[in-house]
Amino acid sequence: MKIQTQSCMVNGKRDVAVIAQEVNYQGQGTLVKIRRGGICGSDLHYFQEGKVGNFQVRQPMVLGHEAIGEVVASDSPQLAIGQKVALNPSKPCGQCKYCLAQQSNQCVDMRFFGSAMYFPHVDGAFTQYKVVDSAQCIPYAADRDDRVMVFAEPLAVAIHAAKQPGAVKGKTVFVSGVGPIGCLLVAALKALGAAEIVCADLSPRCLALASQMGADRCLHAADDDFSVYQQHKGYFDIAFEAAGHPTSLQRCLEVTRAKGTVVQVGMGGSFPDFPLMLLIAKELNLLGSFRFVEEFALAVAWLAGDVVDPLPLLSAEFAGDQLAQALEFAGDKRQAAKVQLVF
């Protein structure tokens with residue numbers, strides 16, 4: 001089965017286009033008609049800089065790893081034609097030591113939608129039709145709102161982070177940096193039973209969104225006083241650094257109580273002045289958090305079951321052929337949280 005599709009391509013720095021491609025489905029995996037996709041920070045990096053970290057765009061690549069759609073054809077009896085599905089962008093090898101230990105987010109040969117890590121690059125899901133591994137399709141009910149369900153991937157990232165320190169029920173929690181992931185982290189922590197959630201950010205708009213997502217108190221990172229949380233070697237049981245900035249991590253270490261836990265969620269550059277003595281003297285636990293494993297299916301279930309309402313974060317919708325306009329808007333953090341493309 002051959003189908004014509006329009007795909008959102010990045011060719012390099014500030015060089016994107018929507019082009020015609022042909023999809024050839026030969027009965028293996030699942031052919032999905034993409035309905036909607038969410039623009040992520042990595043998509044913006046590929047657009048604004050032509051790379052993510054050290055991974056440079058060296059050939060045209062389809063963007064996008066937050067996507068939902070409906071089944072056109074499948075080799076899986078569990079996936080009927082017309083079934084709505086959220087697409088898990090992770091395709092682990094299934095054979096390395098991490099996959100065998102149920103830690104597939106650490107797979108040594110992960111093929112993740114819309115990534116220039118490998119050459120040839122791994123195409124993403126901002127296209128009208130895409131063939132995927134059937135295991136990447138997580139079904140949801142037809143009456144669920146597509147605008148909500150396309151948040152499955154970033155919510156999965158947030159749930160995975162929220163689970164890193166163990167049970168958060170009844171704990172006092174600090175979240176530094178409340179962009180889309182930070183806000184979804186707030187919602188996940190609330191759903192998991194955190195007793196108190198305090199947030200910090202430089203953006204009043206982001207703080208207002210965090211409040212809508214369930215934060216108990218929101219503080220301006222530069223203007224408000226944090227001294228009450230620094231007394232007696234810190235106040236919070238757990239802190240999540242979601243800004244990817246050295247000063248944000250410094251504050252997390254300052255406000256977390258001795259023997260508490262700091263989870264690094266935000267991706268940033270090197271932190272040359274890392275406050276090592278704070279970590280040592282307070283005997284803090286410092287954890288990383290990367291992508292997700294079983295949390296993707298859980299995120300779909302939470303969204304389908306109205307456990308989390310992500311719609312306060314939806315800033316705008318664009319047609320799939322308005323790729324450049326959508327990326328420009330999404331890159332303006334004065335007005336945009338999450339932006340979705342409709343195919």
Side-chain angles (χ1 to χ4, degrees), residues 40-42 45 52-55 65-66 88-90 92-93 96-113 115 117 153-168 171-189 192 194 197 199-201 234 236-296 298-299:
C40 174
S42 64
H45 281 298
V52 170
N54 295 322
F55 305 134
H65 59 262
E66 302 175 12
N88 186 335
S90 303
C93 71
C96 71
K97 63 181 180 180
Y98 298 107
C99 288
L100 295 176
Q102 311 304 313
Q103 299 166 347
S104 60
N105 62 321
Q106 299 295 335
C107 174
V108 299
D109 193 25
M110 174 68 76
R111 303 284 164 161
F112 197 84
F113 286 175
S115 171
M117 178 177 178
E153 195 275 345
L155 179 59
V157 171
I159 297 172
H160 183 75
K163 288 187 169 186
Q164 287 298 92
V168 299
K171 301 292 180 65
T172 55
V173 180
F174 179 65
V175 179
S176 183
V178 281
I181 293 296
C183 281
L184 289 169
L185 180 55
V186 168
L189 291 164
L192 291 168
I197 305 170
C199 298
D201 201 286
F236 296 99
D237 299 309
I238 308 165
F240 294 85
E241 199 297 304
H245 194 275
T247 57
S248 175
L249 178 58
Q250 170 90 28
R251 176 160 286 150
C252 286
L253 295 170
E254 290 171 348
V255 302
T256 303
R257 64 167 178 82
K259 295 283 190 177
T261 299
V262 176
V263 183
Q264 184 64 42
V265 185
M267 295 184 181
S270 60
F271 291 10
D273 297 319
F274 181 82
L276 190 61
M277 278 309 298
L278 266 177
L279 186 75
I280 294 170
K282 291 170 68 173
E283 297 184 315
L284 296 171
N285 300 294
L286 179 61
L287 303 173
S289 185
F290 185 63
R291 291 181 181 161
F292 44 81
V293 187
E294 74 283 351
E295 293 89 359
F296 188 88
L298 181 58

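The chain is numbered in sequence order, starting from 1.
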Worksheet item: Any side-chain heavy atom of Arg251 sitting closer than 4.5 Å to one from Phe174?
Response: yes
Item to complete: State, to 0.1 Å, how close Ser42 and Val52 come at their nearest heavy-atom pair, and which atoms those are.
Response: O-CG2, 3.6 Å
Response to the item:
Residue set satisfying side-chain contact (heavy atoms from CB on, under 4.5 Å) with Leu298, at least two apart, ordered chain then number -> Ile159, Lys163, Trp302
Fill in: Set of residues satisfying side-chain hydrogen bond (donor to acceptor under 3.5 Å, both in side chains) with respect to Glu254, sequence neighbours excluded
Gln230, Gln250
Item to complete: Identify the heavy atoms of Val175 and Ile197 that sit nearest to each other, and give their distance.
Response: CG2-CG2, 4.3 Å
Worksheet, complete the sentence: The reported gap from OG in Ser289 to CD in Gln164 (rounded to nearest 0.5 angstrom) is 4.5 Å
Worksheet item: Nearest 0.5 Å, what's the CD-CG distance between Glu241 and Leu287?
Response: 13.5 Å
Response to the item:
Nearest heavy-atom approach of Met110 to Pro92 is SD-N, 3.6 Å
Practice prompt. List for me each residue that meets ring pair (Phe, Tyr, Trp, His ring centres under 6.0 Å) alongside Phe113, sequence neighbours excluded, and say none if there are none.
Written response: none
Practice prompt. Could you list the residues that satisfy ring pair (Phe, Tyr, Trp, His ring centres under 6.0 Å) with His65, not counting sequence neighbours?
Written response: Phe112
Worksheet item: For the side-chain contact (heavy atoms from CB on, under 4.5 Å) test, which of Thr256, Thr261, Val262, Val263 pairs with Leu286?
Response: Val262
Discussion item. Is any side-chain heavy atom of Phe296 closer than 4.5 Å to one of Pro89?
Written reply: yes
Response to the item:
Nearest heavy-atom contact between Phe240 and Pro165 is CZ-CG, 4.0 Å
Worksheet item: Which residues pass the side-chain contact (heavy atoms from CB on, under 4.5 Å) test with Met267, sequence neighbours left out?
Response: Phe290
Response to the item:
For Ala161 and Val265, the nearest pair of non-hydrogen atoms, with its separation, is CB-CG2, 3.8 Å
Worksheet, complete the sentence: Residues passing the side-chain contact (heavy atoms from CB on, under 4.5 Å) test with Ala162, sequence neighbours excluded, are Leu185, Ala188, Leu189, Leu192
Worksheet item: How would you list all residue pairs meeting ring pair (Phe, Tyr, Trp, His ring centres under 6.0 Å) that involve residues 243-287, not counting sequence neighbours?
Response: none
Worksheet, complete the sentence: So salt bridge (Lys or Arg N to Asp or Glu O under 4.0 Å) across residues 259-273, not counting sequence neighbours, yields Lys259-Glu283
Worksheet item: Pairs in or reaching into residues 99-110: which pass salt bridge (Lys or Arg N to Asp or Glu O under 4.0 Å), with residues at least two apart or in two chains?
Response: Asp109-Arg111
Worksheet, complete the sentence: Quick note, side chain to side chain donor-acceptor pair (under 3.5 Å) partners involving residues 172-184, not counting sequence neighbours, are Thr172-Asp237, Ser176-Ser248
Discussion item. Could you check whether any side-chain heavy atom of Leu249 comes within less than 4.5 Å of a side-chain heavy atom of Gln264, counting everything from C-beta outward?
Written reply: yes
Worksheet entry | Qualifying residues under side-chain contact (heavy atoms from CB on, under 4.5 Å), relative to Gln103, sequence neighbours excluded | Tyr98, Ala101, Asn105
Worksheet item: What heavy-atom pair brings Cys107 and Cys96 nearest, and what distance separates the two atoms?
Response: CA-SG, 3.8 Å
Worksheet item: What distance separates Arg291 CZ from Ser104 OG, expressed to the nearest 0.5 Å?
Response: 10.5 Å
